[in-house]
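The next block holds one structure in the form of structure tokens; read it before the comments.
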Amino acid sequence: MRLRVEFTTEPFDLDEAPAHALVAREVIQAADLDAVDVGPFGNTAEGKADAVLTAVDSLLRQALGAGATRVSLQVNVVGEQDAVTGERDAASGEGET
């Protein structure tokens, strides 16, 4: 199974990225995920379920520890095809035909 996570951390600071936002982005960028997209108002990453869930756990713990007062996130199951490569995920047991 593949998952996509979208998240933001608060409070916002329009002048400079707060420590909690930088920590959250570092966690996601360092994780074993695909299609990581970080931005000023939201971040998205996609990968295998275990990798996403592990990253979300670390993201929550570290962002809250760095001063986040709110972390908004959404986790969705995504299709069998990898949005990045267009190939089926070999770990799902579904091979290419």
Side-chain angles (χ1 to χ4, degrees):
M1 174 185 337
R2 294 185 58 78
L3 300 176
R4 178 180 299 125
V5 61
E6 300 173 49
F7 69 92
T8 58
T9 61
E10 295 179 40
F12 294 113
D13 182 340
L14 297 177
D15 295 327
E16 184 176 325
H20 59 80
L22 297 175
V23 166
R25 290 176 189 162
E26 289 171 8
V27 167
I28 291 299
Q29 289 175 325
D32 186 21
L33 301 173
D34 311 322
V36 174
D37 182 29
V38 297
F41 300 108
N43 307 283
T44 305
E46 185 175 311
K48 294 179 182 173
D50 286 340
V52 171
L53 295 173
T54 297
V56 167
D57 176 63
S58 184
L59 162 75
L60 291 170
R61 293 175 189 277
Q62 292 189 43
L64 293 169
T69 57
R70 175 187 289 208
V71 179
S72 300
L73 65 90
Q74 179 173 310
V75 178
N76 294 302
V77 175
V78 294
E80 292 178 8
Q81 279 197 320
D82 183 321
V84 175
T85 66
E87 297 177 1
R88 292 193 183 273
D89 185 5
S92 71
E94 304 265 342
E96 289 184 33
T97 56

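- Judged by distance alone, with hydrogens and angles left aside, the side-chain atoms of Arg25 form a donor-acceptor pair with the main-chain N or O of Gly39 at under 3.5 Å.
- Residues Val77 and Met1 form a side-chain contact, since some pair of their non-hydrogen atoms from C-beta on lies under 4.5 Å apart.
- Atom CZ of Arg70 is separated from atom OG1 of Thr8 by 8.5 Å, given to the nearest 0.5 angstrom.
- Residue Val23 comes nearest to Ala66 through the heavy atom pair CG2-CB, 3.9 Å, listed as atom of the first residue, atom of the second, then distance.
- Residues Asp37 and Asn43 fail the side-chain proximity criterion, which asks for heavy atoms closer than 4.5 Å.
- For the pair Val5 and Gln74, the minimum side-chain heavy-atom distance is 4.5 Å or more.
- For the pair His20 (side chain) and Pro11 (backbone), a donor-acceptor distance under 3.5 Å is present.
- Leu60 CG to Leu73 CG: the interatomic distance, rounded to the nearest 0.5 Å, is 5.5 Å.
- Checking side-chain atoms of Asn76 against main-chain N and O of Val78 turns up no donor-acceptor pair under 3.5 Å.
- Under a 4.0 Å N-O distance rule, the pair Asp34/Arg2 qualifies as a salt bridge.
- The nearest pair of heavy atoms linking Val27 to Ala55 is CG1-O, 3.7 Å.
- Between Asp50 and Val52 the shortest side-chain heavy-atom distance does not fall below 4.5 Å.
- Within the model, atoms CD1 of Ile28 and CZ of Phe7 stand 4.5 Å from one another, a figure rounded to the nearest 0.5 Å.
- The two residues Asp13 and Asp15 have their closest heavy-atom pair at OD1-N, 2.9 Å.
- For the atom pair CG (Asp32) and OG1 (Thr54), the distance works out to 10.0 Å, reported to the nearest 0.5 Å.
- For the atom pair Gln29 CD and Leu22 CG, the distance stands at 10.0 Å (nearest 0.5 Å).
- Ala21 and Thr9 make their closest contact through CA-OG1, 3.6 Å (heavy atoms, listed as atom of the first residue, atom of the second, distance).
- Considering CG of Leu53 and CG of Leu59, their distance stands at 12.0 Å, rounded to 0.5 Å.
- Under a hydrophobic-cluster definition in which Ile, Leu, Val, Met, Phe, Trp and Tyr are linked whenever side-chain heavy atoms come within less than 4.5 Å, directly or via other members, Val75 and Val38 are assigned to the same cluster.
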